[in-house]
Amino acid sequence: MGNPRVIYWFRTDLRLHDSPALEAALDLNPEAFWPIWTWDPQYVYRARVGTNRWQFLLDCQNDLSKSITKRNKKSKLFLMREAPQTLFPKLFKVWEITHLVFEKDTDAYARDRDATVKKAAEEAGVEVIIKSGRTLWDSDALVKKNHEKPTMSISQVQSAGPKIGRIPRPIPAPESIPDPGEIKLDFEQQQPESDPDFNNDSRSHGDKSYERISGPNGDFAVPTMEELGFPTATSSHRGGESIALKMLDKIIADEKYTATFEKPNTAPTAFEPQATTLLSPHLHFGSLSVHEFYWRVQDVVDNYSGKASQPPVSLTGQLLFRDMYFGAQAALGYSFCQTLYNSHCRFIPWHLPSKVDHTTRLVTGEYHIDSAQAEEWFQRWKYGLTGFPWIDALMRQLRREGWIHHLGRHAVACFLTRGGCYISWERGAEVFEEWLIDHETACNAGNWQWLSCTAFFAQFYRCYSPIAFPKKWDKDGKFVKRYVPELKDLDAKYIYEPWKAPIADQKKAGVRIQGEGKEEQEGIYPKPMFDFNERRDACIDGMKKAYKVGLYGDDPKVIDGTWRKLFDDAGEGRTKGNTFGGAMEEEVGEEKAVQVDDGNGEENNGAPEEDESGGKEEGNENKGGDRKGAKRKRGQRTPDSHVKRSKK
DNA sequence: CAAACGGTTGATTAC
DNA sequence: GGTAATCAACCGTTT
């Protein structure tokens with residue numbers, strides 16, 4: 001084909017270095033070349049994206065756009081404000097496109113989206129070129145080499161991966177970028193459905209995303225936070241390929257750190273600097289290439305004179321886990337990110353289970369409040385008011401910075417699910433989805449399943465203590481004092497159990513340990529919301545029982561609700577609450593009422609539902625805004641952030 | 001078929 | 001104060 005007119009569609013590959021897809025596009029030797037980003041309403045309105053991750057995305061886009069312009073003054077990242085599914089067919093025609101090139105994406109929604117775009121391209125006679133580059137190995141190829149099964153253990157990845165072939169060496173960034181063609185806009189912009197807007201709670205003012213296809217100034221510029229209605233980000237971690245490559249250089253320059261890195265030996269309490277690389281958000285947005293990272297590290301390891309660490313604990317080992325989760329998601333699709341209909345996720349009768357639309361088999365984004373107590377614990381966990389300083393410090397760091405250490409994630413995830421609250425891992429995954437700047441659908445869902453012992457990992461009796469675990473890393477409680485300033489002057493010997501501090505010590509430290517953690521308050525830190533040892537024992541009992549029952553998310557009994565017959569009154573709290581330390585007594589009636597409608601057939605196909613928590617909303621105004629996430633009526637969403645409307 | 005073994009990252013006690 | 005055994009006991013794979 002002569003005179004190629006090429007669209008390069010940037011997605012989660014916001015970089016110029018080591019991009020096999022970009023290389024393929026430039027190899028066409030285009031006569032006209034448009035680097036574009038489509039402002040997808042599925043991400044803008046139907047994903048849970050907190051302000052810190054928005055900022056990180058805009059950073060990446062701005063940096064990339066600048067790098068493109070550096071290579072060609074006429075070019076930039078052209079940001080088009082319309083859904084790709086409706087925009088592309090028009091661009092193909094008006095711009096006389098011959099080729100569309102993009103990097104492969106195996107996220108469940110991305111597959112649907114890309115299939116739609118690909119079909120439209122084929123109908124328009126446009127050639128589509130798709131290259132793998134987001135993971136070490138193409139996730140579909142990895143599954144194929146794993147006997148067509150989802151990769152559920154690291155040894156499976158280590159065995160299946162090399163069967164595909166060697167991990168490709170990185171390729172340098174292009175030196176020049178061809179001119180864009182004329183940008184004709186003689187077509188109608190299709191306005192998206194902006195309701196529901198799952199990010200409405202984080203916006204401080206109105207969103208102007210789609211007022212004009214080329215943006216407010218008509219220059220296709222990357223939007224500002226102001227324009228999107230978001231307040232200033234609070235995180236100090238910033239995005240962009242330039243920053244990512246500099247960070248990588250710094251890590252690689254420290255040969256000992258790079259070659260002997262052992263993840264389980266890095267301190268979750270370290271800050272300024274943190275003990276791990278902080279490169280995960282860059283891998284998510286593609287501002288750093290995973291192959292670049294792999295080979296830069298591997299070359300140091302190969303030349304290291306001392307004893308280097310090995311996968312899975314080494315730096316490259318971390319990438320193997322990422323590929324494992326991508327492989328699991330590639331094989332299981334939408335169901336990987338939820339319990340129901342997931343053939344590889346154990347069923348545990350957690351509190352606050354997701355609502356599911358049985359026509360689409362997808363979670364709706366709402367959840368059952370089967371226990372007012374659990375809902376209160378969930379809110380206190382989310383906002384760092386549990387009364388356990390280690391947990392609260394981590395959750396506050398997460399909200400402010402958008403990042404916490406991997407072992408910190410273990411601690412809060414174990415606490416919310418199998419080692420404390422006995423609340424569904426899907427609730428925790430949603431909070432991480434909103435607040436993490438490195439949120440990656442497959443890794444998030446996979447890690448939550450791991451920590452809740454519903455897949456990948458099964459040793460539920462290994463439970464993280466919010467007291468003993470942090471003591472191992474930070475005897476002085478510096479980390480807690482940093483993120484829970486109420487406790488900054490408390491004697492270190494009480495720092496993980498402040499309720500044990502005598503009144504005299506509390507007075508001396510200028511803090512009183514009292515109240516139920518309704519809100520953050522100067523000089524006051526809440527009492528612990530339960531006795532941890534009691535809760536751990538109750539949870540382990542519950543897990544034991546649930547493992548014995550042995551149901552998975554796709555079991556008919558799980559889907560039709562008859563699983564309850566198998567649990568009787570044993571297990572944690574769910575049915576009669578006899579291991580709930582007595583606290584559930586007054587809620588039994590309420591629980592029964594919920595059981596009738598919970599998970600049974602035709603409920604919740606978007607039908608309105610009363611609040612089951614029995615008027616527990618009052619007194620929580622400070623966080624009430626987020627609760628309505630549990631009551632949204634329109635649109636369905638999967639935990640990979642995207643809505644699928646029910647076809648009726 | 002049973003037993004042994006490995007599984008990136010627990011807590012507590014004994015030495 | 002550091003290392004090792006013990007605690008209770010899961011899964012899936014290998015022998």
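Within every chain, numbering begins at 1; the chains are lettered A, B, ... in the order of the sequence lines, protein sequences first and strands thereafter. Computed from heavy atoms alone, side chains included, the values below leave out hydrogens, waters and symmetry copies.
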Range on DNA chain C touched by chain A, heavy atoms, distance below 4.0 Å:
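Answer, 5' to 3': C/dA9 to C/dG12.
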Quick one about A/H344 and A/Y552 (side-chain donor to acceptor, distance below 3.5 Å, no hydrogens or angles considered), yes or no?
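Result is no, nothing qualifies.
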A/S289 and A/D18: side-chain donor and acceptor closer than 3.5 Å?
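Yes - a donor-acceptor pair under 3.5 Å links their side chains.
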Which pairs, with at least one residue in residues 243-259 of chain A and sequence neighbours excluded, count as a salt bridge (charged side-chain N to carboxylate O under 4.0 Å, His left out)?
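Listed once each, the pairs are A/D249-A/R296.
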For A/E262, check side chain to side chain donor-acceptor pair (under 3.5 Å) against everything at least two apart and list the hits.
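Expected list: A/N265.
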Using side chain to side chain donor-acceptor pair (under 3.5 Å) as the criterion, list what pairs up with A/S309, not counting sequence neighbours.
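Partners of A/S309 by the side chain to side chain donor-acceptor pair (under 3.5 Å) criterion come out as none, since no residue qualifies.
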Just to verify, what does A/E241 make a salt bridge (charged side-chain N to carboxylate O under 4.0 Å, His left out) with, not counting sequence neighbours?
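Counting only residues at least two positions away or on another chain, A/E241 forms no salt bridge (charged side-chain N to carboxylate O under 4.0 Å, His left out).
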Check salt bridge (charged side-chain N to carboxylate O under 4.0 Å, His left out) between A/E497 and all other residues, then give those that pass, not counting sequence neighbours.
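Scan of A/E497 (salt bridge (charged side-chain N to carboxylate O under 4.0 Å, His left out), adjacent residues dropped) gives A/K471, A/K500.
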I need the full list of side chain to side chain donor-acceptor pair (under 3.5 Å) pairs touching residues 158-167 of chain A, with sequence neighbours left out, sorted by first then second residue.
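Residue pairs with at least one partner in residues 158-167 of chain A: there are none.
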Heavy-atom distance under 4.5 Å between the side chains of [X] and [Y], does that happen here?
X	Y	result
A/E434	A/V49	no
A/F530	A/F388	yes
A/S465	A/W390	no

Within residues 308-327 of chain A, find the residues that approach DNA chain B with a heavy atom at under 4.0 Å, and present them sorted by residue number.
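Within residues 308-327 of chain A, the residues near DNA chain B are A/P312, A/V313, A/Q318, A/F321.
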With the threshold set at under 4.0 Å for non-hydrogen atoms, list the residues of residues 407-418 of chain A touching DNA chain B in residue-number order.
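Hits under 4.0 Å, by residue number: A/L407, A/H410.
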Determine the Euclidean distance between corresponding [atom1] atoms of [M] and [N]; express it in Å to zero decimal places.
N	M	atom1	value
B/dG10	C/dG1	P	23 Å
B/dC5	C/dA5	P	15 Å
B/dT9	C/dT13	C1'	22 Å
C/dT15	B/dC1	C1'	12 Å

What string of B, S and - do you get for nucleotides 10-15 of chain B, 5' to 3', if B is base contact, S is sugar-phosphate-only contact and - is no contact with any protein heavy atom under 4.0 Å?
BSS---
If you draw the axis of the six-membered ring of A/Y547, does the NZ or CZ of A/R346 fall within 45° of it and under 6.0 Å from the ring centre?
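A/R346 over A/Y547 ring: yes.
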When you measure from the centre of the six-membered ring of A/W435, is the NZ or CZ of A/K382 under 6.0 Å away and within 45° of the axis?
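That pair qualifies as a cation-pi contact.
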Separation of atom [atom1] in [X] from atom [atom2] in [N], rounded to whole Å:
X	N	atom1	atom2	result
A/I404	B/dT9	CD1	P	19 Å
A/M152	B/dG6	CE	C1'	17 Å
A/F456	B/dT9	CZ	P	15 Å

Categorize A/W450 for me: base, sugar-phosphate, or nothing, with a 4.0 angstrom heavy-atom threshold over every strand shown.
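Here A/W450 touches the bases of the nucleic acid.
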Looking across every strand, which nucleic acid part, if any, lies under 4.0 Å from A/I540 by heavy atom: base, sugar-phosphate, or nothing?
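The residue A/I540 makes no contact with any strand.
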Rounded to the nearest 0.5 Å, how far apart are CD1 of A/I423 and OG1 of A/T417?
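Going from the CD1 atom of A/I423 to the OG1 atom of A/T417 covers 9.5 Å.
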Just list the side-chain donor-acceptor pairs under 3.5 Å for residues 278-287 of chain A, sequence neighbours left out, or say none.
| from | atom 1 | to | atom 2 | distance (Å) |
| --- | --- | --- | --- | --- |
| A/S280 | OG | A/D438 | OD2 | 2.7 |
| A/H282 | ND1 | A/S287 | OG | 2.8 |
| A/H284 | ND1 | A/H439 | O | 3.2 |
| A/H284 | ND1 | A/E440 | OE2 | 3.0 |
| A/H284 | NE2 | A/H439 | O | 3.4 |
| A/S287 | OG | A/H282 | O | 3.4 |

Taking Watson-Crick and G-U wobble contacts under 3.5 angstrom, with | marking pairs to another strand and [ ] crossing pairs, the secondary structure of DNA chain B is written .||||||..||||||
I want to confirm an ordering. Mapping A/K544 and A/Y552 to their closest nucleotides on DNA chain C, which one lands closer to the 5' end?
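The residue mapped nearer the 5' terminus is A/K544.
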Given that A/A458 and A/Q156 both sit by DNA chain C, which one's nearest nucleotide is further toward the 5' end?
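Of the two residues, A/A458 wins.
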Can you tell me if A/Q449 uses its side chain to pair, donor with acceptor, with the backbone of A/F336 under 3.5 Å?
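Checking the backbone N and O of A/F336 against the side chain of A/Q449, a donor-acceptor pair under 3.5 Å is found.
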